[in-house]
Amino acid sequence: MAALAEQPIVSVRDLVVRFPTQDRRATVKAIDGVSFDVRAGETFGIIGESGSGKTTVGRTLVFLQPPTSGTMHHDGVDAASISTRELRQHRRDYQIIFQDPNAALNPRMSIVASVMEPLKLAKSGTASECRARAIAALERVGLAPETGDRYPHQLSGGQKQRVLIARALTLRPRLLVCDEVVAALDMSIRGDVLNLFAELQRDFGLTYVFITHDLSVVSHISDRIAVMYLGRFMEMGPTEPMMAQPLHPYTEALLSAEPSPLPSDLRQPRRIVLQGEIPSPIDPPSGCRFRTRCRYAQPDCATTEPVWRELTPGRFVACHYAGQPGFMSSQPTHHGSAS
Ligand SMILES: Nc1ncnc2c1ncn2[C@@H]1O[C@H](COP(=O)(O)OP(=O)(O)OP(=O)(O)O)[C@@H](O)[C@H]1O
Ligand code: SF4
Ligand SMILES: [Mg+2]
C-alpha cells in the first residue's frame, strides 16, 4: 500500500446514473447519488450485493458510462469541460479490467495481438515498438514471452487474467478499476493474482478501485472500503476500523455472513442473516433503502432518508442511529433474523 498524496485522483459528487428499463416504461436507479474521493496510490474497495451498482460506478469512473447527473473530476479536471482530443489522451490514464477473461479476449487473436491492441488503437509507436512493449508487459505479469504466440484457449484462467492485466498496463494507466477480477479464478491461484496486483501497485504507483462482492478479497487488499446498497453508499471508511467495528447495520450483516477465521468458541454467537432479496432499484424503499432488511429499523426509517455524514474523521455512514450508544449491540427490534 503506497504513500497517499493529498490531491484525489478522482473526486465524485452526487453521482446519478439511470437506465430506462427494456420496455422503457420505468427507470432503473443504478447509482442514486454517491460522493467519494479516490486518493492517488490507494486501493479503494467497493463491496455490495449483486445489482447494487458497483460495476456502473466502475464504468462511470473510466468514462465508459456517462453520468445522468453529478460531477466527476479526475486530478481536478472536469472531463465534461475538456475537448474531445484532450479527453482521448486523458482517458488512457483510467482503465478497467472485468471479471471474465474469456469474454474480454478475442479467441481468434494471438495473446500478443490482444495485448498490443490498445497501443495500436492509441497509435502509440510503430508495430514493432507496440509488440516489444506488449511482450515486456507479459513478462512483467509473470508470463514467458512465448505466451504471446499462443491463443486464449491454450491458457489457464489465471494466465488469461494476467494477460488482461498486461493489456491494461501497456497504456501505463494511473488508475485501474478491477471489477471482480479474481471471482472466476480457482481459490488456489487467487492469492497469486492478488499479490501481483499489490506488486504492480508498488512498482508503478498505481491507484486501484477494487470492486467485489467478496469481503475477504476486498478487506485483504483495500486501504479504504465503500459499502454499496441499491445505488447508494451505506458506509465508507478505512478498512481496519470498519472491519473491527462497522457503523452500519448492512456492513454488520455482510461481515457476519463471512466465514470466520476464529475458532468456534470465539466466534460471534449469533449469525445475522440478511433476509429476502435486494429490492428493485426501479422503486427503492422510502426513507432508508435498507430498512426492509434491517433488524434495527424503526418507524422513522420508512419516512426519513438518512443523511450521508462523516461520523468520525474519515468514517462516513448513512443511518439515523449509527454512533448512538448501544446501537447494534442490542437485541433486534424489527425484522429480527438471528439464527
Ligand atoms: N446498461 C444497462 N441498462 C439497463 N440497466 C442496467 C444497465 N447496466 C446496469 N443496469 C442495472 O443497474 C443495476 C446495477 O447494476 P450493476 O451491474 O452496476 O450492479 P453490480 O453491483 O455490479 O452487480 P453484480 O455484483 O451482479 O455485478 C442493476 O439493476 C442492473 O440491472
Ligand atoms: S436508518 Fe434505520 S433502517 Fe436504515 S440502517 Fe439505520 S436503523 Fe436500519
Ligand atoms: Mg458488477
Side-chain angles (χ1 to χ4, degrees), residues 15-32 34 45-62 64-68 96-100 103 177-184 209-215 217-218 226-235 246-254 272 274-275 277-309 311 317-324 326-330 332-337:
L15 182 70
V16 170
V17 175
R18 301 205 160 143
F19 299 108
T21 51
Q22 256 182 346
D23 62 8
R24 307 211 151 247
R25 288 186 170 178
T27 304
V28 180
K29 296 168 181 159
I31 309 178
D32 205 16
V34 301
I46 304 180
I47 183 146
E49 287 166 282
S50 185
S52 55
K54 306 178 298 296
T55 295
T56 308
V57 170
R59 287 171 50 83
T60 309
L61 290 180
V62 299
L64 288 176
Q65 173 63 53
T68 306
I96 189 164
I97 305 178
F98 292 106
Q99 165 177 359
D100 182 0
V177 176
C178 304
D179 189 358
E180 303 282 7
V181 284
V182 292
V209 173
F210 226 89
I211 294 171
T212 172
H213 55 253
D214 184 335
L215 195 58
V217 167
V218 86
V227 180
M228 196 163 184
Y229 186 78
L230 266 185
R232 283 268 177 115
F233 283 1
M234 298 289 109
E235 178 167 358
L247 296 174
H248 196 283
Y250 182 51
T251 318
E252 181 191 54
L254 290 178
I272 304 158
L274 274 170
Q275 287 199 333
E277 291 290 307
I278 188 164
S280 165
I282 294 172
D283 187 19
S286 63
C288 173
R289 59 193 61 203
F290 183 58
R291 70 176 165 82
T292 54
R293 299 166 83 197
C294 180
R295 62 206 288 262
Y296 306 104
Q298 299 292 322
D300 67 333
C301 299
T303 54
T304 314
E305 185 150 3
V307 175
W308 178 242
R309 60 199 164 108
L311 191 64
V317 66
C319 166
H320 298 310
Y321 302 103
Q324 288 190 3
F327 181 60
M328 296 208 304
S329 57
S330 57
T333 51
H334 177 70
H335 292 292
S337 51

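In each ligand, atom 1 is the first atom listed, and ligand 1 is the first ligand listed. The first residue in the sequence is number 1, and the count goes up from there. All figures in this text were calculated on a predicted structure; none of them were measured in a lab.
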Student: In Å, rounded to the nearest 0.5 Å, how long is the span from CZ of R232 to SG of C288?
Tutor: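 Interatomic distance, R232 CZ to C288 SG, rounded to 0.5 Å: 9.5 Å.
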
Student: Quick check: are there more than 12 heavy atoms from other residues, nucleotides or ligands sitting under 6.0 Å from CD of E305?
Tutor: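 Counting other residues, nucleotides and ligands, CD of E305 exceeds 12 neighbours.
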
Student: Could you grab the protein N, O or S atoms closer than 2.8 Å to atom 4 (Fe) of ligand 2 for me?
Tutor: C288 SG

Student: Indicate yes or no: at least one non-hydrogen side-chain atom of P249 is less than 4.5 angstrom from one of M234.
Tutor: no

Student: Any idea which residues sit under 4.0 Å from ligand 1, heavy-atom distances?
Tutor: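 Close residues (ligand 1, cut-off 4.0 Å): F19, V28, A30, E49, S50, G51, S52, G53, K54, T55, T56, P281.
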
Student: Holding to side chain to side chain contact (heavy atoms under 4.5 Å, CB included), I want the full list of residues that pass it with Q324, two or more places apart in sequence or in another chain.
Tutor: Y321, F327

Student: Salt bridge (charged side-chain N to carboxylate O under 4.0 Å, His left out) for R18 and D32? Distances and angles first, verdict last.
Tutor: CA-CA 8 Å; R18 301 205 160 143; D32 205 16; 3.0 Å; yes

Student: Can you find a pair of side-chain heavy atoms, one from P279 and one from L230, that are under 4.5 Å apart?
Tutor: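 Result yes, sub-4.5 Å side-chain heavy-atom pair found.
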
Student: For residues 52-62, which residue pairs pass the side chain to side chain donor-acceptor pair (under 3.5 Å) check, not counting sequence neighbours?
Tutor: T55-D179

Student: Quick check for you: to the nearest 0.5 Å, what is the distance between I47 atom CD1 and M228 atom CE?
Tutor: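 The CD1 atom of I47 sits 12.5 Å away from the CE atom of M228.
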
Student: Just verifying a value: how many Å separate Y229 OH and R289 CZ, rounded to the nearest 0.5 Å?
Tutor: 9.5 Å

